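Written below as structure tokens is the structure these notes are about.
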Amino acid sequence: MGGIAGIFHRRDQVAKRRDVDTMLKPSAVRGPHGSQIWLDGPVGLGHLALHISANQRLDPQPVSIGQQTICLHGRLDNRAEIAKALTKDEPTNHVCDARLALMAYQAWGLEAWPKFAGDFVFVIWDAETESLICVRDRMGLKPFHYMVHERVFAFGSDVRQVLAVYDRPLMPNKGMIAEYLASHITSNTETLYEGIMRLEPAHMMTVTKSEVRIQRYWDPNATNVSYSLTDAEREANYAHAFSQAVKQQSDVEARMGVSLSGGIDSSTVMAALVQHRDKARISAYSLCFEGLECDESESMREIASTWGVSHQPFSFDPPSYEVIAQWVRRWRDFPDYPNLMAYKPLKQQSVIDGSRIMFSGLGADDWTDLRCSPLPDMIARFRWLKAAKEMKRRSAWYGWRRMPGVLARQGVWPLLPVSWRRKRFTSFDLGRNYAPWLNTEFLSNTHLSERIWEERQGRFPSYDRRAWIQWLEKGYCVQFGEAQERVAAEAGVEMRFPFSHKDVVEIGLGIPPEYKWLRPANKWIVRRCFELLKPPAANFNFTSAEGSPIYMGFLKSLGANEFFQRNLAVYENGWIDAEKMRAIANESFQMYDKGNSVYAFKARPLWMVAGIELWLENAFG
């Protein structure tokens with residue numbers, strides 16, 4: 001929640017209030033507590049306010065100190081640590097996070113950002129160097145979009161803010177459209193519009209009159225693996241870091257909500273939250289899918305009852321076609337994912353109950369579980385016996401006759417040189433294998449095979465670390481985080497993700513692959529974290545819901561199979577083979593109606609195609 005926007009004229013033209021105001025108005029929903037505009041020569045900064053803590057009201061943004069001015073969207077979780085390092089004494093509650101971040105910049109320069117923990121984007125206008133410095137948080141949980149031309153640089157929390165001052169013919173970005181239609185979003189810098197970009201997570205951008213420089217300020221691969229710790233020490237460190245992350249993120253005198261499912265992730269958030277805050281100020285909100293395979297109602301009620309917090313369940317109710325279309329027209333972007341949009345009523349109720357903070361268990365899987373097969377790490381470390389046992393275990397899934405191929409694909413392929421694998425990958429036009437419903441000419445013109453090839457350069461302590469970093473730097477993860485933030489903004493709440501806190505992430509990165517091999521289940525370290533936080537006598541039967549029914553519920557709101565039988569723009573543009581897409585849709589909905597779970601493999605691709613069609617109809621056309 002909250003937001004920023006602004007403009008920098010790179011040829012000494014004076015910034016005008018009406019331009020910044022034009023950018024703020026489309027996203028006024030982000031600023032329930034008003035907006036402010038600051039102007040200085042060629043620069044105009046605007047801020048949309050959401051007041052969670054008292055210091056934000058006392059020190060409104062944009063904030064200036066000397067010749068530097070900052071505009072921040074988000075928060076610093078470790079503000080006490082930063083303030084103590086700056087002032088050498090205890091921090092005051094009368095300094096807002098924006099002022100603290102600007103003080104850190106003045107003290108430490110560009111070395112300040114790696115010290116910050118939190119979800120944030122901010123811009124600093126430095127009049128001394130005549131430069132605009134833009135910074136995005138490590139995980140990309142706050143959005144930042146921009147356009148850069150020879151004469152002007154404009155930015156905003158939302159695409160629609162940048163579109164408000166976009167003065168050139170608007171063109172669709174066909175390369176990015178291909179990634180969406182293939183349900184394989186890779187680019188984390190492009191948007192669906194040509195010329196409108198996003199700043200990558202963990203990056204900063206410096207804009208001057210003559211140049212634009214983008215550089216990484218934090219590299220997840222730089223975190224060392226902690227081989228010296230025992231398993232018990234590692235688990236205790238993780239639990240402590242997570243508990244402290246929740247404590248920092250809940251350090252406000254306000255009500256707060258928890259998006260509670262029946263799983264281990266949100267339950268661990270709840271366990272930590274009740275340790276630090278009065279449970280009378282905590283409410284749990286759950287989405288129930290009565291009669292569907294993904295229903296976790298019983299587990300949710302049990303968890304909320306154990307901690308004695310109020311609990312409000314909501315029934316799953318997909319929005320109508322027109323509601324989804326209106327959403328696209330408002331945001332002028334791809335419609336958010338069903339498993340995010342479905343939770344909007346919970347967030348709205350949280351605001352009605354007096355809380356604009358909602359905690360989420362999103363990110364618990366990141367870093368701590370195996371992302372790829374353990375075979376390449378076992379082979380590279382000469383753990384032949386462990387590799388043989390892993391092969392035996394996998395034979396139960398694939399059968400022994402298929403195991404040579406499994407070994408070649410999952411064990412040997414990652415060990416081969418990057419240049420060789422890239423050549424083999426792209427030479428077979430694997431874009432078509434990812435999405436056989438795409439037209440061959442469209443695949444060729446957009447170079448989809450080259451776009452979806454992912455290989456982070458550099459040396460990694462393990463193949464598992466490489467797989468995780470490549471996954472979390474994909475465009476899908478960035479876009480999913482932005483979608484989550486947009487849904488929260490519409491509802492009027494600010495999301496908090498303690499599993500994505502800097503300290504939790506870095507401890508997770510330090511887990512060696514050997515620790516993961518020996519665990520009897522996924523999320524093992526999260527389960528151990530929960531065990532260390534929960535009441536000793538409490539036992540739970542956690543569930544793991546599958547979200548495909550949510551997708552199918554939304555698709556049925558669009559017309560189900562009949563939607564794909566229409567003469568869609570994605571067919572007319574020659575992007576998708578209409579006959580193949582219609583056959584896939586028909587088969588998927590038939591399987592869904594008959595209870596055949598194989599439909600789940602097509603639920604998300606169907607939504608991606610439908611989403612691009614809705615975007616073309618309502619945002620571009």
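We count residues from 1, following the sequence as given. All values reported here derive from a predicted model rather than from experimental measurement.
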Evaluate the side-chain proximity of [Y] to [X]: yes if any heavy-atom separation is below 4.5 Å, no if none is.
X	Y	value
Ile177	Trp615	yes
Arg356	Ile52	yes
Leu558	Leu614	yes
Val505	Trp367	yes
Pro26	Asp158	no
Phe499	Thr368	no
Glu572	Asn567	yes
Met23	Val165	yes

Of all heavy-atom pairs between [X] and [Y], which one has the smallest distance, and what is that distance?
X	Y	result
Ile185	Tyr337	CD1-OH, 3.6 Å
Leu199	Cys134	CD2-O, 3.8 Å
Ser355	Gly257	OG-N, 3.5 Å
Met205	Phe153	CE-CZ, 3.6 Å
Leu260	Ser286	O-OG, 2.7 Å
Leu170	Leu163	CD1-CD2, 3.5 Å

Evaluate the criterion side-chain contact (heavy atoms from CB on, under 4.5 Å) for residue pair Trp327 and Arg486; output intermediate values, then yes/no. CA-CA 11 Å; Trp327 189 100; Arg486 276 196 301 265; 3.4 Å; yes

Describe, in one word, how the ring planes of [X] and [Y] are oriented to each other, choosing from parallel (under 30°), tilted (30 to 60°) and perpendicular (over 60°).
X	Y	value
Phe155	Phe144	parallel
Tyr180	Phe334	tilted
Phe554	Trp607	perpendicular
Tyr599	Tyr592	perpendicular

Does the pair Lys344/Asp336 count as a salt bridge with the N-to-O cut at 4.0 Å?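 Asp336 and Lys344: not salt-bridged.
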
Can Glu587 and Lys602 be counted as an ion pair, charged N to O under 4.0 angstrom? no

Got a sec: does the [atom1] of [X] have more than 12 other heavy atoms crowding it under 6.0 Å?
X	atom1	answer
Phe601	CZ	no
Arg216	CZ	yes
Glu579	CD	no

Does any donor atom in the side chain of [X] or [Y] lie under 3.5 Å from an acceptor atom in the other side chain?
X	Y	answer
Thr191	Arg198	no
Ser310	Ser283	yes
Thr186	Arg451	no
Asn188	Glu473	no

Checking the side chain of [X] only, and the main-chain atoms of [Y] only, is there a donor and an acceptor separated by less than 3.5 Å?
X	Y	answer
Asp577	Trp437	no
Tyr285	Pro345	no
Arg136	Lys142	yes
Arg582	Asn561	no
His73	Gly2	yes
Ser444	Thr440	no
His145	Met197	no
Gln410	Val406	no
Arg160	Asp333	no

When rounded to the nearest 0.5 angstrom, what distance separates [atom1] in [X] from [atom2] in [Y]?
X	Y	atom1	atom2	result
Asp167	His149	CG	NE2	6.5 Å
Ser259	Met495	OG	CE	6.0 Å
Gln565	Asn586	CD	CG	6.0 Å
Cys372	Trp468	SG	CH2	10.0 Å
His203	Trp218	NE2	CH2	11.5 Å
Glu613	Phe564	CD	CZ	9.5 Å

Pair His184, Lys474 - check side-chain contact (heavy atoms from CB on, under 4.5 Å), show working. CA-CA 9 Å; His184 197 92; Lys474 280 186 177 180; 3.9 Å; yes

Using the rule given for salt bridge (charged side-chain N to carboxylate O under 4.0 Å, His left out), can you reason through Lys523 versus Asp369, listing the C-alpha separation, both sets of side-chain angles and the distance that settles it, and then say yes or no? CA-CA 6 Å; Lys523 300 179 184 286; Asp369 289 344; 5.3 Å; no

Glu194/Arg168 under salt bridge (charged side-chain N to carboxylate O under 4.0 Å, His left out): CA gap, chis, key distance, verdict: CA-CA 10 Å; Glu194 285 282 2; Arg168 302 189 178 193; over 6 Å; no

Checking salt bridge (charged side-chain N to carboxylate O under 4.0 Å, His left out) for the pair Glu441/Lys174: CA distance, chi angles, key distance, verdict? CA-CA 12 Å; Glu441 185 177 356; Lys174 292 184 180 179; over 6 Å; no

Can you check side-chain contact (heavy atoms from CB on, under 4.5 Å) on Phe442 and Asn573, steps first, answer last? CA-CA 9 Å; Phe442 182 61; Asn573 290 338; over 6 Å; no

Which is it for Glu485 and Leu141 under the side-chain contact (heavy atoms from CB on, under 4.5 Å) test, yes or no, and what are the steps along the way? CA-CA 7 Å; Glu485 203 270 347; Leu141 294 171; over 6 Å; no

For Asp593 and Lys556, what are the C-alpha separation, side-chain angles and deciding distance, and is it a salt bridge (charged side-chain N to carboxylate O under 4.0 Å, His left out)? CA-CA 11 Å; Asp593 292 336; Lys556 285 205 166 189; 3.0 Å; yes

